[in-house]
Number of protein chains: 2
Amino acid sequence: MDNKTKNRPQTLPDGARPTLKTIAFMTGLGITTVSRALKDAPDIGAETKERVRLVAKQIGYQPNRAGVRLRTGKTNVISLVLTLEEEIMGITSPMVVGITEILAGTPYHLVVTPYSAVKDALAPIRYILDTGAADGVIISRTEPHDPRVALLTERGLPFVTHGRTEMGIVHPYHDFDNERFAYEAVRKLVARGRRKLVLLEPPPHLTFYSHMRAGFERGLRDFQADAVSFHQTNIDHSLVEIRDAFEVLMRSEDAPDGIVSGSGSGAIALIAGLEMAKKKLTEDCDMVSKSPSDFLRWLRPEVMTMYEDIRIAGRELAKAVIGHIDGEPPETLQSLSQPEFQPPITRGLRA
Amino acid sequence: MDNKTKNRPQTLPDGARPTLKTIAFMTGLGITTVSRALKDAPDIGAETKERVRLVAKQIGYQPNRAGVRLRTGKTNVISLVLTLEEEIMGITSPMVVGITEILAGTPYHLVVTPYSAVKDALAPIRYILDTGAADGVIISRTEPHDPRVALLTERGLPFVTHGRTEMGIVHPYHDFDNERFAYEAVRKLVARGRRKLVLLEPPPHLTFYSHMRAGFERGLRDFQADAVSFHQTNIDHSLVEIRDAFEVLMRSEDAPDGIVSGSGSGAIALIAGLEMAKKKLTEDCDMVSKSPSDFLRWLRPEVMTMYEDIRIAGRELAKAVIGHIDGEPPETLQSLSQPEFQPPITRGLRA
DNA sequence: CATCGCGACTGTATCGTTACAGATTTGAAG
DNA sequence: CTTCAAATCTGTAACGATACAGTCGCGATG
C-alpha cells in the first residue's frame, strides 16, 4: 500500500456511531482533512468541505465529546453550582429552564453541581477547577467579597454570578434590581398612607442585602417614612421563625403599618404572623412582596407583588457565561433586571 | 534504557493535575500496574496496592473522566430528561436536590436534558442513545404505553421512570400512590358529610390519570358518594382556564360540595373559581389537595393536603437508576410512596 | 530549467485510560 | 538441574479528536 493511503480504515463496524474515520472512509479523504473540513479551516478546498459536510450530515455525524475533551480540554459543559439549602421555595426550576433554553442552541450541556454546608461553598468550585469539569460556571448567593469569584478569576475560568460583588473585579453578572424594588415598594406603601415600615431582608452576608436596605432607606428618606426594626430575622430563616418573630412585632407598640418582603415565601410567614396577631391586611397593614411565582397573587391578591422572573435570569446567566467563554469583555456581560409591579389576576369574563 | 522502564515518564509538568503517569513516576511502577492497583485487581500485590493508593490519595489523584469515557464508554453521567412545560409549579427543584443528594456519594454527575414540544418526547432519548451521552436516564410524565420506555428497554440503556407503565415491561420506577391518594381523599370528604365530589385530574394520556381516577371511583363506591363531572379540565390546563371552568361548575345545578385536587397549583385556581362563584371553603365545600410544597397549608389551612415529597422521589429515582446500571434486577428497583395527610401548621407557642 | 511558494491534503503523536497479551521472578515439583 | 505454574508486573494498542509538521503537485519566477 502506498504511503498516501496508509492510515485509511479498511473495514468499518456497521452498527456503531459514525466518527471522523467513517467520513474519511466514505469520502476517500484522510481523517485530518475531514476534521479540518468540518471546522471550516482555510487550507481545505471549498468543494471538499462541501462534500464532507454533506456526508457528515447524511450519516448524522456528531463529534465524540470524550475525544474532543481529552484532546482539547474543552468540556462543552456549563456547571450550575447550587446550595441544597437555597431550594426552599424552588427557585431552581425556572432557573434551570431558562438556562437550558439558551444552551439548547449550543453544544453545551448543563451539569448541576450541588454543595451542602455554607462553609463548603468553595468546594464545588475547587472541584471544577481541579478536574477541569466545566468550561463555565454559574454561581448564586453572591457575596460582596466572594471567595468563589476571586478564585475563579485568578484561575481564569469563565463564570457568571447571579448577583453582584464589591471587590473591584469586573465580571459577568445578572442581577435583579433589589435597590429599586425596595425603593418602589416604599413609594407604594407611603402612597397608601403607610408611614411605619418594616423590611424582611436577605441575610446580611449576601450582596443584595445591602442593595435592598439601601433602596429601603433611600425610600424612607425620599418619601418621609420611618423604619421599624426587624433585623434579627431574615429570609433565610424558617417560615415558623419568621412568623413567630413577626407576630411578636405586630403585637408590640412598634407594630408597623407597611411591610416590604424580600421573598415570596417569607411573605407567607409574615401574613401568618400578622393574622395570629389579629391584624388584617389592607386594614391594619399593607404589604409589598417580591415574588418569583404566582401563588401570592392568586391566594393573597391584597399583597402587591413585584415579579422576579427567574427564568429570564437563567437565560441571561447562560448567555453571559457563554459570552465570557467566547472571550467577550466582561463589562458587556452584565445585566440588571428591573422590577415592575404585577397587575392583579384578571377576574375572568364576568369581571 | 532497558525495556523494563522504556515507557516510564522522564519529566512531569508540575502545575498540571496528576494522572496515572504521575503516580507511576512517583512509585516507580508502570502505568498499567497503577491503573490495576487502583481498581483492586487480583494480580497486583497487596503492598503495591497500598503504596499506590497512598500516593494517589496524597497527590489528590482523580481519574480523568474524558479518558475513562473514551476508553470504556462509561460516562458517569445520569441524565434527567425534563419537559420545559412541566415546570409550572416548580417540581423540578426538590427533585434535582433529591437526585444530587444521592449522586454526591458516587462518581456520577447530573446532566439536565430538556425537550420542548410534547411530540418531541423521544428526541432527547434518541440523542442520549445515539451519542452515548449517559449511563442512565430518569424520565417523568410517564404514559401507560410509553415509547421512551420501549426504546430504552430495546436498546438496553438503564433508566427509571417517575410513574408507572402498563406495557408488560418490568422496569425500575418510583411513583406516588395516586390511587390511594384519591381514595383517602374521598374517605375524608365523605367523613365530613360531603357527597357530591369532583376530581381535578391529570391529563388522560399520563398513567397516573387512571390511577387517580380508579382511586376516586373506588372511594365513591366504598363510601357512597357521587361524582360531578369535570372531565373537560385537567391539571395541565392554565390556572385561568381551571378557575373559569370551575366557576361555571360551582354556579351550576351540579355544584359539588367536595373537591379532590390532583395538583397543588390546580388547587389555587379551584379556590379562586370557587370564590368567584361566591362560595366558601369549609362552608359550601371541602377540599383535599395533593401538595408538593407548603404554601397551601400556610395560606389556606382549610384545605386538607397530602404531601407529595418530590425530594424523596428524587432520591428514590437516583438510587433506582444506579441500581439498574449496577445490574440489579428491575423488580427490586420499584417503589411506591404512600400519601399521608399533613398536620396543620403549628400555631406557635401561644397556640 | 531549476527553484520557490502556495494550495490542498495527510501522517504521526498525543490527550488519559484500560484490555490484552506478554514478561519476569520465584519456588516447588519432577 | 530442568520445568512449570503462580504471582506480579509491564508494554502496546486502541478509544476519537486535533496540533503540528510535513508531502505533493503545479504554476510562477529568475
Side-chain angles (χ1 to χ4, degrees), chain A residues 1-13 16-25 27-52 56 61-76 107 131-133, chain B residues 1-10 12-13 16-25 27-52 56 59 61-76 107 131-133:
Chain A
M1 194 190 319
D2 62 343
N3 195 57
K4 176 163 183 179
T5 54
K6 198 160 57 179
N7 78 333
R8 304 297 168 73
Q10 256 51 65
T11 59
L12 245 22
R17 70 182 278 211
T19 68
L20 289 180
K21 207 158 148 183
T22 319
I23 303 177
F25 180 70
T27 54
L29 295 163
I31 295 177
T32 303
T33 310
V34 174
S35 172
R36 299 188 53 65
L38 288 172
K39 328 195 104 52
D40 203 20
D43 62 349
I44 305 294
E47 194 209 305
T48 304
K49 283 183 192 170
E50 207 40 65
R51 262 175 61 222
V52 170
Y61 169 75
Q62 293 195 262
N64 179 305
R65 311 188 118 230
V68 175
R69 179 164 172 177
L70 182 57
R71 182 67 239 250
T72 65
K74 172 110 189 170
T75 62
N76 285 304
T131 64
Chain B
M1 193 191 320
D2 61 344
N3 195 57
K4 177 163 182 178
T5 54
K6 199 162 51 180
N7 79 331
R8 303 299 168 70
Q10 256 52 65
L12 245 22
R17 71 181 275 211
T19 68
L20 290 179
K21 207 170 177 171
T22 318
I23 303 178
F25 180 70
T27 55
L29 294 164
I31 295 175
T32 303
T33 310
V34 174
S35 171
R36 299 189 52 67
L38 288 172
K39 331 194 100 55
D40 203 20
D43 63 350
I44 304 293
E47 195 209 305
T48 304
K49 284 182 190 170
E50 206 42 63
R51 264 177 59 223
V52 170
I59 64 178
Y61 169 74
Q62 294 194 262
N64 179 305
R65 310 188 116 231
V68 175
R69 179 164 173 177
L70 182 56
R71 183 65 241 248
T72 65
K74 172 112 190 170
T75 62
N76 285 304
T131 64

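Letters A, B, ... mirror the listed sequences (proteins, then strands); counts begin at 1. Because the structure is a prediction, the values reported are computed rather than measured.
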Please tell me if [X] has a side-chain N or O lying less than 4.0 Å from either OP1 or OP2 of [N].
X       : N      : value
B/Lys39 : C/dT18 : yes
A/Thr48 : C/dC9  : yes
B/Ser35 : C/dT17 : no
A/Thr72 : D/dA17 : no

Open item on the list: On DNA chain C, does the nearest nucleotide to A/Ala46 precede the nearest nucleotide to B/Gly67 from the 5' side, or the other way round? Give the residue.
Closed with: A/Ala46

Does the side chain of [Y] come within less than 4.5 Å of [X]'s, by heavy atoms?
X        : Y       : value
A/Ile23  : A/Leu38 : yes
B/Thr131 : A/Arg65 : no
B/Lys49  : B/Asp40 : yes

Please give, in whole Å, the distance from [N] [atom2] to [X] [atom1]?
X       : N      : atom1 : atom2 : value
A/Leu70 : D/dA13 : CG    : P     : 18 Å
A/Leu29 : D/dT23 : CG    : P     : 20 Å
B/Arg36 : C/dA19 : CZ    : P     : 8 Å
B/Asn64 : D/dG16 : CG    : C1'   : 14 Å
A/Ile31 : C/dA13 : CD1   : P     : 14 Å
A/Arg17 : D/dG16 : CZ    : P     : 8 Å
B/Lys74 : D/dG16 : NZ    : C1'   : 20 Å
A/Arg51 : C/dC9  : CZ    : P     : 8 Å

Between [atom1] on residue [X] and [atom2] on residue [Y], distance to nearest 0.5 Å:
X       : Y       : atom1 : atom2 : result
A/Thr33 : A/Arg51 : OG1   : CZ    : 10.0 Å
B/Thr19 : B/Asn64 : OG1   : CG    : 8.5 Å
B/Leu20 : B/Leu29 : CG    : CG    : 11.5 Å

TODO: Determine the contact category for A/Thr19: base if any of its heavy atoms lies under 4.0 Å from a base atom, sugar-phosphate if only primed atoms, P, OP1 or OP2 are that close, otherwise nothing.
DONE: sugar-phosphate

- [ ] Among D/dA17, C/dA8, D/dG11, find the nucleotide with the atom closest to the side chain of B/Thr32.
- [x] D/dG11

- [ ] List the atom of A/Leu70, the atom of B/Ala66, and the distance in Å for their closest heavy-atom pair.
- [x] N-CB, 3.8 Å

Open item on the list: For A/Tyr61 and B/Ile44, find the nucleotide of DNA chain D closest to each by heavy atoms; which residue's nucleotide sits nearer the 5' end?
Closed with: B/Ile44

Task: Terminal helix-axis angle for the helix from C/dC1-D/dG30 to C/dG30-D/dC1, with five pairs defining each axis and rounding to 10 degrees - done: 80°

Task: Pair of N/O donor and acceptor under 3.5 Å linking C/dT17 base with B/Arg71 side chain - done: no

